[in-house]
There are 2 protein chains.
Amino acid sequence: MRKRMRESTNESAVTRLRAAGLRPTRQRNELADLLFRDGHRHLTAETLHADAVSKGIRVSLATVYNTLHQFTNSGLLRQVMVDSTRSYFDTNVTEHQHFYYEEDGMLADIPGSEEIAVGNIPDAPEGTKVARVDVVVRLTRS
Amino acid sequence: MRKRMRESTNESAVTRLRAAGLRPTRQRNELADLLFRDGHRHLTAETLHADAVSKGIRVSLATVYNTLHQFTNSGLLRQVMVDSTRSYFDTNVTEHQHFYYEEDGMLADIPGSEEIAVGNIPDAPEGTKVARVDVVVRLTRS
DNA sequence: TTCACTGCAAATGATTTGCAAAGCA
DNA sequence: TGCTTTGCAAATCATTTGCAGTGAA
């Protein structure tokens, strides 16, 4: 009895991992598939792990944490700071801004066409350089 | 032998607390003094507690946490999201923006004269309203 | 007196880590 | 084979909470 070969690990995931200098292991491949197969996503370690498990992917929470950080360090993901209790990650690493729904703990991209105009960025203080400008629009129920 | 009366609990602290609807207890008074006596400050629960203890103020870390949240809920402090591991608080509750020195975990106001121009703020999605627009300029060593 | 507040220690929850087993090159 | 990566469970760290004692009105 041979194990059924799921159509996992699509080419792009492997390619993406190699390009990022990460060894394409089963777990990384499958998580990369989840993360990048469809459109952009916002997620936490817990939600990604739950999603993986629900799709039959066998991976530990610890590995999800490790993977999220490796992906972030490799530029595949971006970490978004909106909640002091949880870490959010965003598969969209291009420059963009966020809505954060405080009551729901939900994060969403601000559509490109509606982005806030960020102008007049101050000079970075002596000895530093600007790594990023984060803009978060916090929303509450009206 | 009577206890030496330190010039603690200055009037403004008590007034400020009453105005915020908080009962002026010894701990709250002394913490408010630390927080608002001098210029604006950026701090974490740990740093405030350490500062208090070093100045001879007897207060537990748990009370510092409680107090920071009560002050925040009363509008005396503002919580700033920059680091997923720690909560930062800012005594400046007026609209302004921050520099965050990633390597040092240090937070600083961007001088008002150099603030980023935030324009074209998008409409809040159906059923929500904009609570705040957070702008953080992340700095790394150059 | 009464209810809010405080401190302590224990509980929590997210995240990290040590280490042996398993996997990739 | 040799160095990575993974998984598990234990450890950590910031923060919160239960509860009995203390304090403010």
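Numbered from 1 within each chain, the chains take letters A, B, ... in sequence-line order.
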Taking the side chain of [X] as its heavy atoms from C-beta onward, which of [options] lies nearest to it?
{"X": "P24(A)", "options": "dG7(C), dA25(C), dT15(C)", "value": "dA25(C)"}
{"X": "N66(B)", "options": "dT17(D), dA25(D), dA25(C)", "value": "dT17(D)"}
{"X": "H69(B)", "options": "dT15(D), dT16(D), dG7(D)", "value": "dT16(D)"}
{"X": "Q27(A)", "options": "dT17(D), dG7(D), dT15(C)", "value": "dG7(D)"}

Face-on cation placement of R16(B) at F36(B) ring, 6.0 Å and 45° thresholds: yes
Flag for [Y]-[X]: side-chain donor and acceptor within less than 3.5 Å:
{"X": "T140(B)", "Y": "E103(B)", "result": "no"}
{"X": "S60(A)", "Y": "T63(A)", "result": "yes"}
{"X": "H96(A)", "Y": "H98(A)", "result": "yes"}

Looking only at side-chain N and O atoms, does [X] come under 4.0 Å of OP1 or OP2 in [N]?
{"X": "R28(A)", "N": "dT5(D)", "value": "yes"}
{"X": "Y65(A)", "N": "dT16(C)", "value": "no"}
{"X": "S60(A)", "N": "dG7(D)", "value": "yes"}
{"X": "R18(B)", "N": "dA25(D)", "value": "yes"}
{"X": "Q70(B)", "N": "dA4(C)", "value": "no"}

Gap between atoms [atom1] and [atom2], on [X] and [N] respectively (whole Å):
{"X": "L61(A)", "N": "dT5(D)", "atom1": "CG", "atom2": "P", "answer": "19 Å"}
{"X": "I57(B)", "N": "dT6(C)", "atom1": "CD1", "atom2": "C1'", "answer": "15 Å"}
{"X": "L68(A)", "N": "dA14(C)", "atom1": "CG", "atom2": "P", "answer": "15 Å"}
{"X": "L48(A)", "N": "dT15(C)", "atom1": "CG", "atom2": "C1'", "answer": "15 Å"}
{"X": "L22(A)", "N": "dG23(C)", "atom1": "CG", "atom2": "C1'", "answer": "16 Å"}
{"X": "R26(B)", "N": "dA24(D)", "atom1": "CZ", "atom2": "P", "answer": "9 Å"}
{"X": "H49(B)", "N": "dA14(D)", "atom1": "NE2", "atom2": "C1'", "answer": "14 Å"}

Presence of salt bridge, R78(B) and D134(B), under 4.0 angstrom: yes
Contact nearer the 5' end of DNA chain C, comparing R23(A) with A62(A):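 Nearer the 5' end of the strand: A62(A).
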Flag if over 12 foreign heavy atoms under 6.0 Å of CD, E114(A):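 Yes.
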Interface residues of residues 71-92 of chain B with DNA chain D (non-hydrogen, below 4.0 angstrom): T85(B), R86(B), S87(B)
Salt bridge (charged side-chain N to carboxylate O under 4.0 Å, His left out) partner of R41(A), chosen from D90(A), D51(A), D33(A):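 The single option meeting the salt bridge (charged side-chain N to carboxylate O under 4.0 Å, His left out) with R41(A) is D51(A).
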Which residue lies more 5' along DNA chain D, comparing T25(B) with A45(B) via nearest heavy atoms: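 Residue closer to the 5' terminus by nearest nucleotide: A45(B).
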Validation row: L35(A), L43(A) side chains within 4.5 angstrom (heavy atoms): yes
